[in-house]
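Let me begin by presenting the structure, written as structure tokens, before commenting on it.
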Amino acid sequence: MSSEKEHRVSRRQFLTYTLTGVGGFMAAGIALPLTRFALDPALEGGDEQEMVAVASVDELTEEPQRFDYSFEQEDAWHTSEVTQTAWLYLDGDEVVALSPVCTHLGCTVDWDSNEDFPNQFFCPCHGGRFEKDGVNVAGTPPTRPLDVYEMEVRDGTVYLGRPISRD
Amino acid sequence: MKWTMQDIDTYLQAKEYVDTAVIPLIPIDLKEDVKQKVSMGTFISTMADAIERQFKGRVLLFPAFTYIKNQPLEKRKSELIDWDRHVYEQGFKHVVYLTADGDWKQVEDELPDMLVWLPALPFENMEDRYLKQMIDQQMKQIIPLLTNKWQSEPKQRP
């Protein structure tokens, strides 16, 4: 009983504590979602790109084939539809997925399109050439091989992610 | 390359490789057939983007040469020739004028370099995959125009 006496709280103090407490909760209730919404796009991490189903393994041959695919890319606040192309072929049982972007200045390369250079990737802009495995041909403008896509094969389907640069 | 800060840096560092200017010619008109003009504009912008994507390393895509449809053709033509002269003098040995406006066909022979005229296709209500097919088909026609042009001597300006 005596301890309760020592802790007597006046009506005024009681009201102050209660109001501060309730006010605090209200302020937090408003502020937290706001902060969360503001940070959300930043927390998601912009360049995280999901793997996209591009082709079925049955379709692939030893000969590189062109596959176009599109996916939604979220770039912080903006979502856009992106179309990408990949050259896919089989090397034994392994699937190889090359980016079509010439490593010289970014034109789009084509497979086996120039009569003088059969079985090579050829860039129509400045005559850059790449072997079937994407390695650049010495003496042509590109200085590194074609990028390879991050790749996964699940249940007979080829999924591609980001292009990765090799040196 | 596009007319953007990022691409222009690449251009400035690799000028000797970039010798082709693509200039879209797009009419403006709020009096007659407004929708048809808008449709022409979007079609040409879409095709210009596709060309830029294919030939990124050798082509600089300029902001559109935009003009009022009912102003005299002679006036527009001489303005376009000024653009051509400017870019030619800055090292663009090949200039491609890309348009869906038939007017330019009438003065094609008086233009200093290559006019590519494409009949506008109604892209607006098209599903994405058809749109892609259409662009691909158009590109099959356009790619050889450019690669052949590169094989031949640049046109001399007077």
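We use all heavy atoms of the structure for the numbers below, so side chains are in, but hydrogens, waters and symmetry mates are not. Every chain is numbered from 1 and lettered A, B, ... according to where its sequence line falls, protein lines coming before strand lines. This is a predicted model, so every value here is computed, not measured.
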* **Backbone of B:Y17 reached by a side-chain donor or acceptor of A:H126 within 3.5 Å** => yes
* To do: Please look at B:D136 and chain A and tell me whether the side chain, the backbone, both or neither of the residue comes under 4.5 angstrom of a heavy atom of that chain.
  => side chain
* Asked: Between CG of A:D68 and NZ of B:K132, what distance do you get to the nearest 0.5 Å?
  -> 4.0 Å
* Is it the case that more than 12 heavy atoms not belonging to B:E32 sit under 6.0 Å from its CD atom? -> no
* Take atom CG in A:N119; do more than 12 heavy atoms of anything else shown fall under 6.0 Å from it? -> yes
* Check whether more than 12 heavy atoms from other residues, nucleotides or ligands sit under 6.0 Å from atom CG of B:L30, and answer yes or no. => no
* Decide if atom CD of B:E153 counts as having more than 12 heavy atoms of other residues, nucleotides or ligands within a radius under 6.0 Å. => no
* **Closest heavy-atom pair and its distance - B:R58, A:C125** => NH1-O, 2.8 Å
* Structure fact -> When rounded to the nearest 0.5 Å, the distance separating SG of A:C107 from CD of B:E52 is 9.0 Å
* For the student: nearest non-hydrogen atoms of A:G106 and B:K56, plus distance -> O-CB, 3.3 Å
* **Which atom of A:T108 lies closest to which atom of B:R53, heavy atoms considered** => OG1-O, 3.2 Å
* **Region of A:S70 that comes under 4.5 Å of a non-hydrogen atom in chain B** => neither
* **Part of A:D110 within contact of chain B (heavy atom distance under 4.5 Å)** => neither
* Asked: Is it the case that more than 12 heavy atoms not belonging to B:D82 sit under 6.0 Å from its CG atom?
  -> yes
* Asked: Quick check: are there more than 12 heavy atoms from other residues, nucleotides or ligands sitting under 6.0 Å from CD of A:E94?
  -> no
* Decide if atom CD of B:Q6 counts as having more than 12 heavy atoms of other residues, nucleotides or ligands within a radius under 6.0 Å. => no
* To do: May I ask you to test the A:P124-B:Q54 pair for a side-chain heavy-atom distance under 4.5 Å?
  => yes
